[in-house]
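Accompanying notes for the structure given below.
In each ligand, atom 1 is the first atom listed, and ligand 1 is the first ligand listed. In what follows, residues are counted from 1 in the order of the sequence shown.
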Amino acid sequence: MIAIVKESATPEQLSHFITWIEGRGYKTNVSQGDNETIVGIIGDTTRIDPFLLESMDIIERVQRVSEPFKKANRKFHPEDTVIDCGHGVLIGGGHFQVMAGPCSVEGKNLIQIAREVKKSGATMLRGGAYKPRTSPYSFQGMGERGLDILLEASAELDMPVVTEVMDPRDVQLFVDKKIDVMQIGARNAQNFSLLKEVGKTDIPVLLKRGIAGTVDELLMAAEYIMSEGNEKVILCERGIRSFETRTRNTFDVNAIPVLHNLSHLPVVGDPSHATGYTRYVRPAAYAATAAGADGLEIEVHNKPSEAWSDGAQALTPEMFADAMKRIALIRSAISADLDDQPAPEPGSMDAAPLAAERGVDA
Ligand code: PEP
Ligand code: MN
């Protein structure tokens, strides 16, 4: 349930109202927007009489929120949430960031890849030190040493790092090492003990959609983190399993505007895991950008054929550089002011197809 507070309400009246609600055993979530203040009421609100609240001087109106996700719900927080990822990098509410780097931290090449992606405009560095692999015999990641390598690159390049935490027992290590953003991978999207553990920290979380997770399940996973106190959650669409076998996953581009509609949290697209093949990563990245994503997570490797994981979907630094320029153009196109823009003439949208964007020369 949400209570929209009248503009005339004083801070004292608002805090009195909150104390009154909390005294009845509910949790509250206050969103102070530019135009209105909303008090979200969390708990079994069937016991609250909305007419009683509406009869109070400071309450404009009351609305029931039927969705099970509350803190992640846009009704609780109408304005986009902007998250500070460290090193002055903000995401959400118009701030767009590209997280790039190899699937796994492998050693010395990390800094080389990091320098290249930064030069091309990436603003965050990704790389897995703890890897969720389908086979226990595959490379499992460098572990703590991998985190240190990431942090060295982060310090040199003044870039925040995003890296996956797989085990609730490792969360404290990520906190102690001051990892900028913790990633929860698709396979752990419903590992509720892990979600609760990262929820107890103050570190932003990049939360991936489960392999067969619905949009609502993703939002409920976000709710798990937020309900523990950590409201810095970035949602990530990374493709879902479908009947299609030509790609590793099926990129649900629809989920990007759907998530924006349902939630105030930033939404990132991951075209690498969504497609699984280098040749399709760029077109999918453009689609996610055009669909309004607040950022992208893209795997880049200096020698994809020698990568220790996910080489088949890695962009080379050159491909990434090219993609970044087009991503920037798409960002300006979707936010362009249309007042002076004429309707397109027939034929004016014709352009020679770029082989790379059709996946034929990758
Ligand atoms: C990754 O980012 O390398 C990864 C394992 O992603 P996902 O959890 O989406 O498969
Ligand atoms: Mn990967």
Contact with ligand 1 for E299, non-hydrogen, under 4.0 angstrom: yes
Donor on one side chain, acceptor on other, H301 and E306, under 3.5 Å: no
C103: numbered ligand 1 atoms lying under 4.0 Å from its heavy atoms: 3 (O)
Angle, OD2 of D310 through the Mn ion (ligand 2) to SG of C103 - 10° precision: 90°
R238: numbered ligand 1 atoms lying under 4.0 Å from its heavy atoms: 7 (P), 9 (O), 10 (O)
Atom CZ of R61: over 12 foreign heavy atoms under 6.0 Å: no
Nearest non-hydrogen protein atom, atom 6 (O) of ligand 1: K208 NZ, 3.0 Å
Passing candidate, salt bridge (charged side-chain N to carboxylate O under 4.0 Å, His left out) with K208, options E164, E297, E217, E237: E297
Close N or O approach (R187, ligand 1; < 3.5 Å): yes
Ionic contact status for R145 with E152, cut-off 4.0 Å: yes
Side-chain (E244) to main-chain (R246) donor-acceptor, under 3.5 angstrom: yes
Residue, atom name and distance, where the atom is the protein heavy atom closest to atom 4 (C) of ligand 1: H273 NE2, 3.3 Å
Sub-4.0 Å atoms of ligand 1 with respect to non-hydrogen atoms of R126: 1 (C), 2 (O), 3 (O)
With the Mn ion (ligand 2) as the apex, the OE2/NE2 angle for E299 and H273 - to 10°: 90°
Within 6.0 angstrom of D202 CG, more than 12 heavy atoms from elsewhere: no
Straight-line distance of R282 CZ to S272 OG, nearest 0.5 Å: 11.5 Å
Ligand-residue contact atoms, ligand 1 with G185, heavy atoms, under 4.0 Å: 8 (O)
Distance-only side-chain donor-acceptor flag, H77 / E231, under 3.5 Å: no
N or O contact, E164 vs ligand 1, cut-off under 3.5 Å: no
N/O separation below 3.5 Å, A186 to ligand 1: yes
